[in-house]
Q: 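Let me give you the structure first, and then I'll get to my questions.
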Amino acid sequence: MPQTRKKLPNGVSKKDASAGQPASLLPGFEESCLPATADTVRHLTPGDHIPGLQKALLDWFAVHQRALPWRVSYTPYEVWISEVMLQQTQMERGVSYFLRWMQRFPDVATLAAAHEEDVLLLWEGLGYYSRARHILAAARKIMAEHGGVFPSDLASIRALPGVGPYTAGAIASIAFGEKLPCVDANVERVISRIFDVDSPVKQEPAAGVIHRWALKLVPEGKSREHNQAMMELGALVCRKKPLCGACPLAAFCISHHLGIADQRPVPGKRAVIKPVNAVTGVLRIGKNIFVQKRPPSGVWGNLWEFPGGRVEPGESPEQASVREFMEETGFEVRVTANYGVIRHGYTTYRLTLHCFGLELMNPCGGAEAEKYSEACPPPLQLTAAQQYKWTTPEELENLAMPAAHRKLADSLFNKPAATSDEPASATVRQARLTE
DNA sequence: AACCCGTGGCC
DNA sequence: TGGCCAAGGGT
């Protein structure tokens with residue numbers, strides 16, 4: 001639908017925002033009500049027109065919804081995996097991971113029988129790895145406590161590891177048709193605009209207001225379509241920069257009438273991004289590479305990495321690399337190569353990772369370093385990991401690693417692929433190789 | 001409530 | 001480039 005209404009500049013008067021545009025008026029909002037002030041518009045709440053709103057939304061969704069792999073059969077398993085995968089993850093990435101996941105773990109039983117390392121490897125690159133560990137734990141719980149059948153009642157769904165209020169509601173409504181809302185960031189945005197919620201949406205009282213409206217908007221017997229439609233509208237139309245000209249709910253939207261849709265939702269306070277200077281070192285004996293498996297909890301839980309840590313004040317990255325290796329493994333090492341810097345952005349900090357090649361000092365008996373591998377292991381004291389391994393470049397491919405460490409490993413052990421024109425879509429491994 | 005947990009795309 | 005963001009959950 002073309003943009004038919006003139007875009008309203010910020011600061012336009014409330015009267016100008018609505019005068020002479022009957023097509024944009026709330027249903028039942030007569031011309032005699034003009035001028036539209038914030039008070040008069042709010043008085044005519046969209047809540048008085050819920051059936052019309054519901055129908056407009058469902059009609060729009062029927063036409064404009066994207067074809068997505070989890071919108072085919074709506075099995076609880078697929079709904080669950082897709083919902084967790086898409087948490088904090090962009091749709092396009094989610095699709096490729098989802099397809100690969102379903103190929104590898106087609107059902108709860110297959111998943112429950114899998115090794116965690118394989119699950120994490122498949123998840124590698126998606127981040128928030130506790131999601132993968134929770135999914136596996138939940139699959140095993142479904143086998144143990146629900147006879148392998150995905151539970152259909154909200155309380156049992158909510159009791160699964162990694163399933164919070166959002167995901168429980170999403171599964172219950174989208175897979176089982178329960179009359180519950182799904183309130184994600186998309187829906188927060190849509191509702192905060194329709195009802196002109198003028199305080200930060202993540203906090204009270206806004207969160208409660210939004211949730212109550214969300215519940216009230218769910219039509220009887222159509223929660224699957226409605227909830228997806230709300231999220232789809234937020235993803236495609238009611239985006240950060242709203243496309244009100246294409247919105248099926250524009251006629252119901254208070255903030256649109258007031259010309260302030262782009263000022264909703266009201267954001268919370270922003271996180272401060274702090275720079276972090278860190279190091280990591282690749283220790284090799286012959287063709288073997290030292291890696292360690294991180295603790296189960298905390299950052300990158302159960303993932304493999306090269307040892308390292310922060311650069312302390314007054315310390316050079318080289319010094320930090322040697323010190324961290326001693327602290328984390330007890331190995332006395334020295335720097336033999338500088339592999340440069342990897343920069344990686346996180347939600348709350350920006351990492352500058354200095355990467356070095358290392359070798360052991362004082363090898364066993366003063367002989368060649370190869371003697372350290374198996375027959376004569378180096379004296380090891382792991383302090384920052386649960387497990388270690390002398391691995392090979394080939395095996396490294398099959399260990400789940402954090403993105404920055406994977407980037408380093410690829411730069412060392414994988415030739416950068418020749419200019420590839422194919423849309424690296426088959427597997428993530430291929431995408432990795434063509435980066 | 002506030003903070004931690006990852007990542008890559010976008011502009 | 002860098003700040004912001006995306007179908008949250010756990011503590």
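What's counted below: heavy atoms across the whole structure, side chains too, no hydrogens, waters or symmetry copies. Letters A, B, ... are given to chains in the order of the sequence lines, protein chains preceding strands, and every chain is numbered from 1. This is a predicted model, so every value here is computed, not measured.
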Q: Check the phosphate of B:dT7 against A:Y128, side-chain N and O only, distance under 4.0 Å to OP1 or OP2. Yes or no?
A: no

Q: Assuming nearest nucleotide by heavy-atom distance, tell me which of A:L126 and A:E92 is located more 5' along DNA chain B.
A: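 Going by which nucleotide is closer to the 5' end, it is A:L126.
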
Q: A:L351 CG to B:dT7 P: how many Å, rounded?
A: 10 Å

Q: Return the value, rounded to whole Å, for the distance between atom CG of A:N227 and atom C1' of C:dG8.
A: 16 Å

Q: Tell me the interatomic distance from A:I135, atom CD1, to B:dC5, atom P, rounded to whole angstroms.
A: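 Between P of B:dC5 and CD1 of A:I135: 20 Å.
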
Q: What is the separation between atom NZ on A:K274 and atom P on B:dC3, rounded to the nearest whole Å?
A: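 Rounding to the nearest Å, NZ of A:K274 and P of B:dC3 are 10 Å apart.
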
Q: Does A:M91 reach a base, just sugar-phosphate, or nothing at all? Heavy atoms under 4.0 Å.
A: base

Q: Roughly, in whole Å, what's the span from CG in A:L120 to P in B:dC5?
A: 16 Å

Q: So does A:R350 get a side-chain nitrogen or oxygen closer than 4.0 Å to the phosphate oxygens (OP1/OP2) of C:dG3?
A: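 Yes, A:R350 has a side-chain N/O under 4.0 Å of OP1/OP2 on C:dG3.
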
Q: Any side-chain N or O of A:Y349 less than 4.0 Å from the OP1 or OP2 oxygen of B:dG6?
A: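 No, outside the criterion.
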
Q: Using a distance-only test with no angle check, is there a side-chain donor-acceptor pair under 3.5 angstrom linking A:H354 and A:N338?
A: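 Not at all, the side chains of A:H354 and A:N338 share no donor-acceptor pair under 3.5 Å.
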
Q: Between CD of A:Q87 and CG of A:L126, what distance do you get to the nearest 0.5 Å?
A: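 Rounded to the nearest 0.5 Å, the CD-CG separation comes out at 11.0 Å.
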
Q: Say we look at B:dG6 and C:dT11: how far apart would their P atoms be, to the nearest angstrom?
A: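 Here B:dG6 and C:dT11 have their P atoms 14 Å from each other.
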
Q: Counting only side-chain nitrogens and oxygens, does A:H344 get under 4.0 Å of the OP1 or OP2 atom of B:dT7?
A: yes

Q: Nearest 0.5 Å, please: how far is CZ in A:R71 from CG in A:L68?
A: 4.5 Å

Q: Can you measure A:E232 atom CD to C:dA6 atom P for me and round it to whole angstrom units?
A: 15 Å

Q: Over 60° means perpendicular and under 30° means parallel, so classify the ring planes of A:W123 and A:W101, tilted if in between.
A: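 The arrangement is perpendicular - the two ring planes meet at more than 60°.
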
Q: Any side-chain N or O of A:R189 less than 4.0 Å from the OP1 or OP2 oxygen of C:dC5?
A: no

Q: To the nearest 0.5 Å, how far apart are CE in A:M231 and CD in A:Q65?
A: 11.5 Å

Q: Between A:K240 and C:dC5, does any side-chain N or O lie under 4.0 Å from OP1 or OP2?
A: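 Yes, within the criterion.
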
Q: Counting side-chain heavy atoms from CB outward, which of B:dT7, C:dG10, C:dG8 is closest to A:D184?
A: C:dG8

Q: Say whether A:T89 and A:R131, considering side chains only, have a donor N or O and an acceptor N or O under 3.5 Å apart.
A: yes

Q: Using whole Å, what does the distance between atom C1' of nucleotide C:dA6 and atom OH of A:Y346 come to?
A: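 The distance from OH of A:Y346 to C1' of C:dA6 comes to 18 Å, rounded to the nearest Å.
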
Q: If the test is side chain to side chain donor-acceptor pair (under 3.5 Å), which one of A:E116, A:E117, A:K293, A:R294 qualifies with A:N302?
A: A:E116

Q: May I ask you to decide if the ring planes of A:F306 and A:H405 are parallel, tilted or perpendicular, using 30° and 60° as cut-offs?
A: parallel

Q: More 5' along DNA chain B: A:Q203 or A:P402, using each one's nearest nucleotide?
A: A:Q203

Q: What integer distance in Å separates A:L86:CG from C:dA6:P?
A: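 Checked: the CG to P distance equals 13 Å.
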
Q: Would you say that A:W390 contacts A:L283 through its side chain, given a criterion of any heavy-atom pair below 4.5 Å between the two side chains?
A: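 They are in contact (side-chain heavy atoms under 4.5 Å apart), so the answer is yes.
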
Q: Which part of the nucleic acid, if any, lies within contact of A:R133, taking any heavy atom under 4.0 Å across all strands shown: a base, the sugar-phosphate backbone alone, or nothing?
A: nothing

Q: Would a 4.5 Å heavy-atom cut-off, applied to side chains only, mark A:V119 and A:F105 as touching?
A: yes

Q: Can you list, in residue-number order, the parts of residues 64-72 of chain A that come under 4.0 Å of DNA chain C, counting heavy atoms only?
A: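 When residues 64-72 of chain A is checked for heavy atoms under 4.0 Å from DNA chain C, the hits, listed by number, are A:L68, A:W70, A:R71.
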
Q: So, is A:Q88 close to the C:dG8 phosphate, meaning a side-chain N or O under 4.0 Å from OP1 or OP2?
A: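 Affirmative; the distance criterion is met.
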
Q: In residues 159-177 of chain A, what residues come within less than 4.0 Å of DNA chain C, judged by heavy atoms?
A: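 A:P161, A:G162, A:V163, A:G164, A:P165, A:Y166, A:T167, in order of number.
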
Q: Tell me which residues in residues 293-303 of chain A put a heavy atom below 4.0 Å from DNA chain C, sorted by number, or none.
A: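 Listed by number, there are none.
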
Q: Rounded to the nearest 0.5 Å, what's the gap from CD1 on A:I194 to CG on A:L233? Could you check?
A: 7.5 Å

Q: So how far is it from A:K407 NZ to A:N414 CG, rounded to the nearest 0.5 Å?
A: 14.5 Å

Q: Are A:D198 and A:R264 side-chain neighbours, meaning at least one heavy-atom pair lies under 4.5 Å?
A: yes

